[in-house]
Amino acid sequence: MVTVTPGVAFIFYHITVLVIPSVFFGLLLQYSSDRMLGRYTLPTWFVTLASTLFLPLVSTIRMIYKNLDDRRQAAKLGARLAPRIDGKYIGNIDVLATMRHLRDTGYIADGFVDWVGGDSVVNIPILWSDMILTVWPEHLKTMLATDFTNYAKGKKFQDEMFSVLGFGVFNTDGQTSIASLLNNSTRD
C-alpha cells in the first residue's frame, strides 16, 4: 500500500485548487475568443494575465459575499458581529507577524488582551480566515463546560489539531463523543 505523506497531499491539493481552475479559465478564454472573434484572437499576454488574476478575483468576490452574508445573518438573528482587528497590510500579515513574535518571546496569548481592549470578543481575520478570540471567563466557561455541545469544532479543526489534542475532550463534538470519552476513561 502506498502512503502519501502530508506534504505531498498538501501540494497536490493546492495544485488542484489553485492551478487547475486558472488554467481551465485561460483555455476557456482562449477558446471563446477564437470562436467569437474569428480571425482576431486575444493576445497571449492578455490570456496569461487574465488566467493569473482569475483566482484572486474570484477569492475577493467570495470574501465580499461572505462578509455581506455574515452581516445579513447577524441582522436576521438580532446579533452583532465581533469587532474586527484590521492590520495595516493585506491579509493582516503584520498582525500575524506580531502574533508570531509574541509567541516566540513570551507566552502564546501575550498581547491578545491589548488587542481585545474593552471588548470581550474580537475577530482577527488572519489571511482572510476569521479567528474569533475571547478573553472573557464566562464565555470560556460556557464553551468548555455548561454549553459544550453548541460549540462544534468541525472536521477541519479536528484534523488540524489531532496531533496536538488527540481524541481528548477539547477535540470532540457532541454529547456522544463526550460520553464515549468518559466511558473509555472510567474503564482504565
Leu18 with Leu57, same ILVMFWY side-chain cluster at under 4.5 Å: no
Determine, using the 4.5 Å side-chain heavy-atom cutoff (strictly less than), whether Leu28 and Leu49 are members of one ILVMFWY cluster. no
Look up atom CG in Leu29 and atom OG1 in Thr48, then write down how far apart they are to the nearest 0.5 Å. 10.0 Å
So, for Val121 and Ala82, which heavy atoms are closest and what is the spacing to 0.1 Å? CG1-CB, 3.8 Å
Distance, nearest 0.5 Å, that separates CG of Asp130 from CG of Asn123: 4.0 Å
Test side-chain contact (heavy atoms from CB on, under 4.5 Å) on Val95 and Ile124; report intermediate values, then the result. CA-CA 8 Å; Val95 176; Ile124 306 173; 3.7 Å; yes
Nearest-0.5 Å distance that lies between atom OG in Ser59 and atom CD1 in Ile64: 11.0 Å
Are there over 12 heavy-atom neighbours, none belonging to His139, within less than 6.0 Å of that residue's NE2? yes
More than 12 foreign heavy atoms under 6.0 Å from CD1 of Ile90: is that the case here? no
Where the side chain of Asn92 meets the backbone of Pro125, is there a donor-acceptor pair that is under 3.5 Å apart? yes
Applying side-chain contact (heavy atoms from CB on, under 4.5 Å), run through Ile93 and Leu127 and close with a yes or a no. CA-CA 7 Å; Ile93 295 291; Leu127 299 176; 3.4 Å; yes
Looking at CZ of Phe25 and CG of Leu27, how far apart are the two atoms once the value is rounded to the nearest 0.5 Å? 11.0 Å
Which pair of heavy atoms, one from Arg71 and one from Leu81, lies closest together, and at what distance? CG-CD1, 3.6 Å
According to a 4.5 Å side-chain heavy-atom criterion applied to Ile, Leu, Val, Met, Phe, Trp and Tyr, with indirect links allowed, do Phe54 and Val23 form part of one hydrophobic cluster? no
If you take all heavy atoms of Asp94 and Lys88, which pair is closest and at what distance? OD2-N, 2.8 Å
Set of ring pair (Phe, Tyr, Trp, His ring centres under 6.0 Å) partners for Phe12, sequence neighbours left out: none
Looking at every non-hydrogen atom in both residues, tell me the closest pair between Arg72 and Asp69 and how far apart they are. NH2-OD1, 2.6 Å
d(Thr60 OG1, Trp128 CH2) to nearest 0.5 Å is 8.0 Å
Heavy-atom closest pair (Val17 atom, Leu55 atom, distance to 0.1 Å) is O-CD2, 4.0 Å
Rounded at 0.5 Å granularity, tell me how far OG1 in Thr98 sits from CD1 in Ile85. 11.5 Å
With a 3.5 Å distance limit and no angle check, can you tell me whether His14 reaches the backbone of Phe10 through a side-chain donor-acceptor pair? yes
Please check this pair: side chain of Ser33 against backbone of Gln30, looking for a donor-acceptor N/O pair closer than 3.5 Å. yes
